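Please read the structure below before turning to the comments.
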2 protein chains.
Amino acid sequence: MSEPVVGGRKLQKERTREALMNTALELSLQKGFAQLSLRQVSQAAGLVPSAFYRHFESMDELGLALVERCFGTLRTMIRDAQRDPEVIEHIIDASAEILVEAVKASKADFAFVVRERLTGSEPVREAIRHELDLFVSELAVVLVRLPNIESWTTEDVQMVARLFVRNMHANAELVVEMPEDRPDLEAKIVELARREMRLIVLGFANWRSS
Amino acid sequence: MSEPVVGGRKLQKERTREALMNTALELSLQKGFAQLSLRQVSQAAGLVPSAFYRHFESMDELGLALVERCFGTLRTMIRDAQRDPEVIEHIIDASAEILVEAVKASKADFAFVVRERLTGSEPVREAIRHELDLFVSELAVVLVRLPNIESWTTEDVQMVARLFVRNMHANAELVVEMPEDRPDLEAKIVELARREMRLIVLGFANWRSS
DNA sequence: GATACTAGTGAACGCGCGTTCACTCAACTC
DNA sequence: GAGTTGAGTGAACGCGCGTTCACTAGTATC
């Protein structure tokens, strides 16, 4: 275009790149990332198709950039939560509420991870699986510091961590698929998540004596 | 074609219809059902694209037929298992092994359900979600007849049923994604599934006293 | 054995796709 | 302020897509 540019060329390029990513994320909410075409994303971001190549080599590369960004968001939230001693104290009740809050706040990010884990192109799927594994390991590190767990085997702790992540994942899915206009469902999901977590922890507490 | 037909026109038509469904199921293992084209499926089934319309109005309709067939398989297996008293007796250990066996035997069917639940076209997704809900309700009916559970509220039983289905679903996913040439992983998955189920049941047993 | 039926054929269509390339012109460098 | 750089343009390409339609030939009906 012959329009003047607002803040320097580097900044503008970064803005366009982010516009492409945000547009793809938004569109993927409706139809799944693998169904998006390069042309659709470019046009919705206000670009001509060939301009796409100034920012990504392919849709796959854009997908990987999205995975990275989404898990960055997730990891930041978890690390912030870990710093709050009250959260560790009441880990069950807290995690249910945090989860629902977090998912609501970054709905598109969570939806992307939830949906594309099994679906996206092979590289996208693999990247997500890898990030989720990292996530389980991180949670295991937190859990192992809790009283009564220090003595467990690494394998057992990993198993419980996996169970927790799986449940968080499933509940995140519920929130993601929750209709916009039904905030009453939210309370139910929180309650459900809370009870399920408690259920796991109860089994968990009786694990050694079984 | 000018080739003679083997067993009557009706039978032959049914065979072709099933060939289309099987081909689509198989191809969807590699790239996801939503990524399949009518032409690909037709060609792989040995048909010209326009012949597809003699059997289905669209790929969506084929997808719905597949959902129905897959859950039919699933439901039959569950009903058979329920008739075996030994299975009810040792429901935890049995269900872990049954699950892995069943998934291995009907890998494509399970893979389809697991993958397309979040991904397929909107009608396919909705159909799968509906069938899974039915499945949870059916399991709740089985559970409520177990000793010590009869007195629970319907809501609680449904919750536990949902937790079970969620775990079966997640473990089915592990088996589906298991590489063909690593049968050693299978034993690990069975063991993991067994322990997780036991974990849930333990929490479950302590539920009332919490 | 003539007649109706229908699963499957093959050519044609218009369309959106990914990719390429020569081009423009504002932002940057010196 | 002349020269370079590079984000974005727009036309063109070949391709696979879903869908249509007139057709062929084996099967079923009477």
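Sequence lines set the chain letters: A, B, ... in the order given, protein chains first and strands last, and positions in each chain run from 1. Note: hydrogens, waters and symmetry copies are ignored here, and every other heavy atom, side chains too, is used. Because the structure is a prediction, the values reported are computed rather than measured.
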Worksheet entry | Short side-chain N/O contact from B:Gln12 to OP1 or OP2 of C:dT6, under 4.0 Å | no

Worksheet item: Are any of A:Gln40's side-chain N or O atoms less than 4.0 Å away from OP1 or OP2 of C:dC17?
Response: yes

Fill in: Side-chain donor or acceptor of B:Arg162 paired with backbone N/O of B:Val136 under 3.5 Å
no

Item to complete: Describe the nucleic acid contact of A:Ser50 in one word from base, sugar-phosphate, nothing, applying a heavy-atom distance below 4.0 Å.
Response: base

Item to complete: Would you mind telling me which of D:dA12, C:dT6, D:dG6 lies closest to the side-chain atoms of A:Arg9?
Response: D:dG6

Discussion item. Tell me if the side-chain of A:Arg54 makes a donor-acceptor pair with the base of D:dG6, cut-off 3.5 Å, by modelled atom types.
Written reply: no

Discussion item. As a test of reading the structure: which of D:dT9, C:dT19, D:dT19 is closest to the side chain of A:Leu38, going by heavy atoms?
Written reply: C:dT19

Fill in: Closest to the A:Lys13 side chain, choosing from D:dA7, C:dG8, C:dT20
D:dA7

Discussion item. As a test of reading the structure: which of C:dG18, D:dT19, C:dG8 is closest to the side chain of B:Leu47, going by heavy atoms?
Written reply: C:dG8

Item to complete: Go through D:dG18, C:dG8, C:dG18 for me and flag the one nearest to the A:Ser37 side chain.
Response: C:dG18

Worksheet item: A:Leu20 CG to D:dA7 C1': how many Å, rounded?
Response: 12 Å

Practice prompt. For A:Phe52, report the nucleic acid contact type (base, sugar-phosphate, nothing); a contact means any heavy atom under 4.0 Å.
Written response: nothing

Worksheet entry | Polar contact flag, side-chain donor to acceptor under 3.5 angstrom, A:Arg15-A:Gln12 | yes

Item to complete: Just jot down the salt bridge (Lys or Arg N to Asp or Glu O under 4.0 Å) partners of B:Asp60, sequence neighbours excluded, or say none.
Response: none

